[in-house]
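Reviewing the structure listed below.
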Number of protein chains: 2
Amino acid sequence: MGKNQPQNKKREALNIPAGRRVTSYDVARLAGVSQSAVSRCFKPGGSASAKTREKVLAAAKELGWQPNALARGLITQRSNIVAVLISGNVNLYYPEVLFALTHRLSEEKLRVMLFTVDSEDDVDPVLDQISQFQVDAVISASHMRREHAERFEETNTPLVFFNRYFEDRSSDVILCDPEPQTRQLVKRLSDQGHSRFAVVSGPATNMVSRTRLRGVRAAVEAEGGTIITEAPGDFTYESGAAALHRLMECTERPTAIVCANDMMAMGLIDEARTVFRLRVPEDLSVTGFDGIATARLASYDLTTIRQPIGRMCDAAVAVLREQLDRPERTYEKRVFEGLLIDGATIGPVPDVY
Amino acid sequence: MGKNQPQNKKREALNIPAGRRVTSYDVARLAGVSQSAVSRCFKPGGSASAKTREKVLAAAKELGWQPNALARGLITQRSNIVAVLISGNVNLYYPEVLFALTHRLSEEKLRVMLFTVDSEDDVDPVLDQISQFQVDAVISASHMRREHAERFEETNTPLVFFNRYFEDRSSDVILCDPEPQTRQLVKRLSDQGHSRFAVVSGPATNMVSRTRLRGVRAAVEAEGGTIITEAPGDFTYESGAAALHRLMECTERPTAIVCANDMMAMGLIDEARTVFRLRVPEDLSVTGFDGIATARLASYDLTTIRQPIGRMCDAAVAVLREQLDRPERTYEKRVFEGLLIDGATIGPVPDVY
DNA sequence: TTGTACGCGTTATCAA
DNA sequence: TTGATAACGCGTACAA
């Protein structure tokens, strides 16, 4: 075998030097038509007689030619590339979103250029890349400051936020607001006798975390319960485990712990079981947010509020498509409710209390 | 706010119509130099006097200009895009590889175009996209038939296989062969009194699964044990759970079950604990392959063999870089050993047997 | 070091 | 429907 130049007979017949790429001109020569005819045959709705089209398609297949997307993008001002910004960290929520988005985008003939953003410092170089590659649009499910978002405004690049946005800046947003389900969840806990709650939050600056917390506080108050303490976490499994230690030091212990995402809930549960020898839910009720696949595994069977990721990704792509097709559109915010997942991590308040 | 054209004063001063993109010509005009001077200032090693460079960079910054990667790719025949083909299914091994690869590639100034491939039928359209976008190279961690791989040969697109390859076709390959650790693992089980093994395999056509199985069979034989039965799985959590049911029907039950990946091991363990009320490892020893993050969570603490994903991704990118810089290189296969992870899912063979 | 001129491979325009 | 020709925005010989 080895790495030789392709030995295509047709190439030789057309005198295409090895190493040079096959172009639409070559296809045109082989088909006996003009180059522009070839181009039209590959354009949806391009006018060409059945006979021409047949010849061209045959020739293209023969030579293994496909239109060069770079050249096409240069002239059409459309790269058909969408940048997806996502956190590369260990929260298993992100891969689920990423794969769902990729799937939906490919149905729209859009390609995903992937960027992982783990801190706000990562954003600037990523924005440079995005602008260099002339991406048609950006979906951001990661950190971003206002001034970053404004750079897209300047280049008229549609930007769709996924589960985050700026209160004081309009933009396209896909959101899950699980407030109704949060009330439902807290009510369920309250009905089971819980009144002393604790909360494990995400980063203080994180909007998702803040929204969830606000919902939990309101729901607990509505039920007449008390949030004894709020322990800070950072959405990681480890921070959930660490938070439990702080909660266990409270003189008056909580009987139900609401975590701002599933990863922390899982960490907290594992710590409760292995280190503190607490049974969940017999001794302690724990809940999460997100509804990631891992939290559904039988070892956790977490009671949580699922984000409808599939629908949200559908929406993100639909909004994006709309922005691409009608650039004068106004902004839109689509808010989805969550879905309460009935797991096995909450139960009646223990007698001992 | 709203979606107005950018109101850049400099744009107006240069008479750049709204809607037209800023080009290197605009930068050149503003800097008072030629377009090629601008180009050179953005080329590493391009010759330009300090003064020129200063003016150009200032002008570029003023206009928010960045070189157009599409146009650059067209002329240089280098898109700086790498296609990553990965399975979009629920095996949590893939996101880990994907994020690690993305990280490494970005250090090489290469962008990731992501393609999810869940069955061999998905491959053809993906290959079309890949060839259209003139990607510089392809990393494949998903299904692919030989004829697919050959298409890359034809276009001289470097292809690096990640944990799979064709026996009868040379190519660049990054591989984890955990054979030594498999022996180690089986020996450890054997030392703890196990002699009746069961295996839960992956898809019969899957190379990774076949290799792992071969290793397990050899190791068990070497230790004088017996593989009582092999249950087929498909690398998913659910198939691991299902496999246990088949294994429990054996008249002579296995005491140690080796699963071909972590996801199945986790499914099997959960099923054992919740449905069959078996304790792991007291009643049953279970092991996996991969060493994914989820398997390390305290609820599982799986005994498994980790793939050195970080090193493997480093290697994949290094091999790819080599292919890009020296196209006449020959193929290379880099094989990494695994790392035995001492979890808590294996133990002495139970007395009752 | 600098500028001129050309070409990368396509789509868009327009006259035929 | 078809073909000639002009962009798209850049990198790069080559001459100055």
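None of the values given here were measured: they were computed from a predicted structure. The sequence lines fix the lettering, A, B, ..., with proteins before strands; numbering per chain opens at 1.
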Side-chain donor-acceptor contact under 3.5 Å, B:Gln77 with A:Arg21: yes
Residues forming a salt bridge (Lys or Arg N to Asp or Glu O under 4.0 Å) with A:Arg164, sequence neighbours excluded: none
Between B:Phe166 and B:Phe161, is the gap from one ring center to the other below 6.0 Å? yes
Just call it for B:Ser39: base, sugar-phosphate, or nothing, with non-hydrogen atoms closer than 4.0 Å on any strand. base
Nearest to the A:Ser47 side chain among C:dT11, D:dT1, C:dG9, which nucleotide is it? D:dT1
Show the nearest heavy-atom pair for residues B:Thr157 and B:Asp136, with the distance to one decimal. CG2-O, 4.0 Å
Can you confirm whether more than 12 heavy atoms, excluding those of A:Glu54, are under 6.0 Å from its CD atom? no
Going by the angle between their ring planes, with limits at 30° and 60°, are B:Phe162 and B:Tyr93 parallel, tilted or perpendicular? tilted
C:dT2, OP1 or OP2 - any side-chain N/O from B:Thr52 closer than 4.0 Å? yes
Quick one: B:Arg40 CZ to C:dT4 C1', roughly how many Å, whole number? 11 Å
Roughly, in whole Å, what's the span from OH in A:Tyr25 to P in C:dT10? 9 Å
Neighbours of DNA chain C within residues 26-34 of chain A, by heavy-atom distance under 4.0 Å: none
Just to confirm, is there a sub-4.0 Å distance from OP1 or OP2 of D:dC10 to any side-chain nitrogen or oxygen of B:Ser24? yes
Where along residues 71-78 of chain B does a heavy atom fall under 4.0 Å from DNA chain D? B:Ala71, B:Arg72, B:Ile75, B:Thr76
C:dG3, D:dC10, C:dT2: which one has an atom nearest the side-chain heavy atoms of B:Ala48? C:dT2
From CD of B:Gln35 over to P of D:dA7, roughly how many Å is that when rounded to an integer? 16 Å
Can you tell me the distance, in whole Å, between the CG atom of A:Asn80 and the P atom of C:dT11? 11 Å
For DNA chain C, whose closest nucleotide is more 5', that of A:Arg20 or that of A:Ser36? A:Arg20
Which of these, A:Glu150, A:Met144, A:Arg146, sits in a side-chain contact (heavy atoms from CB on, under 4.5 Å) with A:His148? A:Met144
Any chance CZ of A:Arg311 has more than 12 other-residue heavy atoms, nucleotides or ligands included, within less than 6.0 Å? no
Sidechain-backbone polar pair: B:Arg72 side chain, B:Pro67 backbone, donor-acceptor under 3.5 Å: no
Consider only side-chain N and O atoms of B:Gln35 and B:Ser24, and report whether a donor and an acceptor are under 3.5 Å apart. yes
Separation of D:dG9 P from A:Asn68 CG (nearest whole Å): 16 Å
Spacing between A:Phe42 atom CZ and C:dG9 atom C1', to the nearest angstrom: 14 Å
Can you tell me the distance, in whole Å, between the CD atom of A:Gln134 and the P atom of D:dG9? 8 Å
Tell me what A:Gln66 touches on the nucleic acid: a base, only sugar-phosphate, or nothing, going by heavy atoms under 4.0 Å. sugar-phosphate
Look at B:Lys43 and D:dT12 and indicate whether a side-chain polar atom (N or O) is within less than 4.0 Å of OP1 or OP2. yes
